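For reference, the structure discussed in these notes is given below.
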Amino acid sequence: MNAIYTAEALATGAGRNGHVLTKDGRVDLDLAVPTEMGGSGQGANPEQLFAAGYAACFHSALQMVAREAKANLGESSVGARVGIGPRDGGGFGLEVTLEVVIPALPHDQAQQLADQAHQVCPYSNATRGNIDVTVTVVED
């Protein structure tokens, strides 16, 4: 691969209870372990950042495949849920659910475009075979 853009970020402090800062300063966040995992919940967490990035990236992939298919998405959106939990073999793992809303198209056509987007999205390609990712077209 020939990278056309590279993002740089630095994590400091106590990992999930630390701070993240991108080289350009556009992301500058305190992090905190979620309350569900025994933390304070008083900051962002890596799963939220991953969910935001995956949702945005997948939405761009969806728009690209729709343009190629000459399909009108209307007021489409993509929501991402990223779950974290213990793995059977030890350590922790992630799972992702992508909920795609395409109100301008019939469900079957919308699901077909979402499935095509899943084949070209960089986040989908990075996670394929590593974590469970479910792509579902929903009403809203």
Side-chain angles (χ1 to χ4, degrees):
M1 183 187 86
N2 185 20
I4 57 175
Y5 170 75
T6 300
E8 292 185 45
L10 177 67
T12 57
R16 289 177 166 273
N17 282 313
H19 191 86
V20 290
L21 174 67
T22 56
K23 186 174 182 180
D24 62 8
R26 294 191 186 270
V27 176
D28 187 352
L29 297 171
D30 288 328
L31 300 177
V33 174
T35 56
E36 297 86 348
M37 294 175 66
S40 72
Q42 296 300 305
N45 64 66
E47 291 70 39
Q48 290 171 321
L49 298 173
F50 186 56
Y54 204 158
C57 188
F58 194 90
H59 200 200
S60 288
L62 179 66
Q63 291 168 346
M64 183 189 78
V65 298
R67 274 191 306 275
E68 290 173 356
K70 299 193 182 339
N72 178 9
L73 296 178
E75 294 295 318
S76 63
S77 62
V78 175
R81 290 195 316 266
V82 174
I84 183 171
R87 293 175 27 166
D88 291 338
F92 286 84
L94 299 174
E95 64 183 12
V96 175
T97 300
L98 298 172
E99 292 185 339
V100 180
V101 177
I102 307 175
L105 296 175
H107 184 273
D108 289 346
Q109 185 181 5
Q111 187 66 56
Q112 182 180 20
L113 288 172
D115 292 342
Q116 289 173 352
H118 191 42
Q119 295 306 308
V120 299
C121 173
Y123 277 63
S124 293
N125 287 332
T127 59
R128 187 170 289 108
N130 297 309
I131 65 173
D132 289 334
V133 177
T134 303
V135 179
T136 306
V137 171
V138 297
E139 295 300 314
D140 62 3

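Along the sequence shown, residues are numbered consecutively beginning with 1. As the structure is a prediction and not an experimental result, all values here were calculated from the model.
F58 and A117 get closest at one heavy-atom pair: CZ-CB, 3.8 Å. Of all non-hydrogen atoms in A114 and V137, the two that sit nearest each other are CB-CG2, 4.1 Å. Shown here for A55 and A80, the closest heavy-atom pair between the two residues is CB-CB, 3.9 Å. Considering all non-hydrogen atoms of both residues, A3 and T6 come closest at CB-OG1, 4.1 Å. Between C121 and Y54, the shortest heavy-atom contact is SG-CE2, 4.0 Å. Closest approach of Q109 to A71, counting heavy atoms only: NE2-CB, 4.0 Å.
The pair E99-R81 meets the salt-bridge criterion, with a side-chain N (NZ, NE, NH1 or NH2) lying under 4.0 Å from an Asp/Glu carboxylate O.
Residues V138 and V100 fail the side-chain proximity criterion, which asks for heavy atoms closer than 4.5 Å. By the 4.5 Å heavy-atom criterion applied to side chains, N72 and L105 are not counted as neighbours. Looking at heavy atoms from C-beta onward, N45 lies out of side-chain contact with F50 at the 4.5 angstrom threshold. With contacts defined as side-chain heavy-atom distances shorter than 4.5 Å, the pair V101/V78 does not qualify. Within the 4.5 Å cutoff, the side chain of L113 has heavy atoms near those of the L73 side chain. The shortest distance between side-chain heavy atoms of L98 and T134 does not fall below 4.5 Å.
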side-chain contact (heavy atoms from CB on, under 4.5 Å) between L29 and H19, intermediate numbers included: CA-CA 6 Å; L29 297 171; H19 191 86; 5.5 Å; no
Full working for side-chain contact (heavy atoms from CB on, under 4.5 Å) between V27 and L21: CA-CA 5 Å; V27 176; L21 174 67; over 6 Å; no
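No donor-acceptor pair closer than 3.5 Å links the side chain of T127 to the backbone N or O of I131.
In this structure, CZ on R67 lies 10.0 Å from CG on L62, to the nearest 0.5 angstrom. Taken from CD in Q112 to NE2 in H107, the straight-line distance is 12.5 Å, to the nearest 0.5 Å. One distance of note links OG1 of T22 with CG of L10; it measures 10.0 Å at 0.5 Å rounding. Note that the CG atom of D30 and the CG atom of N17 stand 10.0 Å from one another [nearest 0.5 Å]. Atoms CD and CD, on E47 and E36 in that order, are 10.5 Å from each other to the nearest 0.5 Å.
A side-chain contact (heavy atoms from CB on, under 4.5 Å) with V133 is found for exactly one of V82, L94, V96, namely V96.
Heavy atoms of other residues, nucleotides or ligands lying less than 6.0 angstrom from CG of D140 number 12 at most. At most 12 non-hydrogen atoms from other residues, nucleotides or ligands lie less than 6.0 angstrom from CG of D132. Within 6.0 Å of the CD atom in Q119, the count of heavy atoms belonging to other residues, nucleotides or ligands exceeds 12.
Defined by atom type and a distance below 3.5 Å, a donor-acceptor pair is missing between the side-chain atoms of S77 and H59. A side-chain donor-acceptor contact under 3.5 Å links S124 and H118. Between the side chains of D115 and Q111, at least one donor N or O sits under 3.5 Å from an acceptor N or O.
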